[in-house]
Colleague: 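Provided herewith is a single structure, encoded as structure tokens, for subsequent inquiry.
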Amino acid sequence: ETSRKHAFCAHTILNKYQQLIVPDLSVDERFADNPFVVGGPQVRFYAGAALVSPEGYKLGTLCIMDVQPRPQGLSSDEQDLLQEMAEMVVSA
């Protein structure tokens with residue numbers, strides 16, 4: 001279990017948008033000193049979609065992480081798929 005202080009997903013939940021995509025965590029001031037970025041496993045890429053209840057509450061996130069930065073982030077189609085999967089999780 002990850003503390004909220006170090007959880008990338010906490011930023012997704014607090015974000016006003018449904019998704020948060022960070023192509024390179026090591027150069028983003030919010031995450032550059034995060035233990036998961038500077039130490040093992042040295043996460044570099046993060047994309048998360050909020051899991052939103054039918055009532056509009058953000059319950060958690062569905063996320064993708066990688067140890068390689070992805071300067072291009074996610075394509076529009078990939079963002080759509082991530083959002084669809086997050087919606088499927090909540091509706092299941």
Side-chain angles (χ1 to χ4, degrees):
E1 187 170 313
T2 303
S3 74
R4 183 171 284 196
K5 177 181 176 182
H6 297 125
F8 307 121
C9 295
H11 290 268
T12 303
I13 292 170
L14 297 173
N15 189 20
K16 68 179 181 176
Y17 302 105
Q18 295 289 87
Q19 293 187 0
L20 176 66
I21 300 170
V22 184
D24 189 346
L25 293 161
S26 69
V27 296
D28 187 301
E29 65 183 30
R30 296 170 293 181
F31 307 108
D33 65 348
N34 185 294
F36 295 105
V37 175
V38 296
Q42 295 188 332
V43 179
R44 292 294 178 262
F45 173 77
Y46 172 86
L51 301 176
V52 183
S53 73
E55 298 79 24
Y57 298 107
K58 290 183 178 179
L59 307 173
T61 63
L62 176 68
C63 66
I64 302 165
M65 292 186 264
D66 196 348
V67 295
Q68 297 295 320
R70 296 186 186 186
Q72 74 285 358
L74 294 179
S75 70
S76 180
D77 286 343
E78 291 169 328
Q79 290 178 43
D80 290 344
L81 285 171
L82 178 60
Q83 192 61 44
E84 288 176 33
M85 288 188 293
E87 290 168 6
M88 287 171 48
V89 168
V90 175
S91 67

Colleague: With a 4.5 Å cut-off on side-chain heavy atoms, are Thr2 and Phe36 touching?
Modeller: yes

Colleague: So, for Ile13 and Lys58, which heavy atoms are closest and what is the spacing to 0.1 Å?
Modeller: O-CD, 3.1 Å

Colleague: Leu74 and Gln79: side-chain contact (heavy atoms from CB on, under 4.5 Å), yes or no, with the steps?
Modeller: CA-CA 6 Å; Leu74 294 179; Gln79 290 178 43; 3.8 Å; yes

Colleague: Taking a hydrophobic cluster as the set of Ile, Leu, Val, Met, Phe, Trp and Tyr residues connected by side-chain heavy atoms closer than 4.5 Å, whether directly or through intermediates, do Ile21 and Ile64 fall within one such cluster?
Modeller: yes

Colleague: Under the salt bridge (charged side-chain N to carboxylate O under 4.0 Å, His left out) rule, collect the residues that match up with Asp80, sequence neighbours excluded.
Modeller: none

Colleague: Determine the minimum heavy-atom distance between Cys63 and Met65, stating which atoms define it.
Modeller: SG-CE, 3.9 Å

Colleague: Closest approach of Ser53 and Leu59, non-hydrogen atoms and distance?
Modeller: CB-CD1, 3.9 Å

Colleague: Determine the minimum heavy-atom distance between Phe45 and Gln68, stating which atoms define it.
Modeller: CB-O, 3.4 Å

Colleague: Check whether any side-chain heavy atom of Val37 lies under 4.5 Å from a side-chain heavy atom of Arg44, and answer yes or no.
Modeller: yes

Colleague: Would a line drawn from the ring center of Phe31 to the ring center of His11 be shorter than 6.0 Å?
Modeller: yes

Colleague: About how many Å separate CE of Met85 and CD of Gln83, when rounded to the nearest 0.5 Å?
Modeller: 10.0 Å

Colleague: Using 0.5 Å steps for rounding, measure from the CD atom of Gln19 to the CD atom of Glu78.
Modeller: 11.0 Å

Colleague: Mind listing the closest non-hydrogen atom pair of Ser26 and Asp24 along with its distance?
Modeller: OG-OD1, 2.6 Å

Colleague: Would you mind reporting whether His6 and Asn34 have side-chain heavy atoms less than 4.5 Å apart?
Modeller: yes

Colleague: As a quick check of understanding, evaluate side-chain contact (heavy atoms from CB on, under 4.5 Å) for Leu20 and Phe8, giving each step before the final call.
Modeller: CA-CA 9 Å; Leu20 176 66; Phe8 307 121; over 6 Å; no

Colleague: Could you give the distance from CD (Gln42) to CG (Asp66), rounded to the nearest 0.5 Å?
Modeller: 12.5 Å

Colleague: Which heavy-atom pair separates Leu82 from Ala49 by the least distance, and what is that distance?
Modeller: CG-CB, 3.8 Å

Colleague: Before giving the answer on side-chain contact (heavy atoms from CB on, under 4.5 Å), spell out for Tyr57 and Val90 the whole-Å C-alpha distance, their side-chain angles and the decisive distance to 0.1 Å.
Modeller: CA-CA 11 Å; Tyr57 298 107; Val90 175; over 6 Å; no

Colleague: How many angstroms lie between atom CZ of Arg70 and atom OG of Ser75, to the nearest 0.5 angstrom?
Modeller: 10.5 Å

Colleague: Quick check: does any side chain N or O of Asp77 sit under 3.5 Å from a backbone N or O of Leu81, one acting as donor and the other as acceptor?
Modeller: no

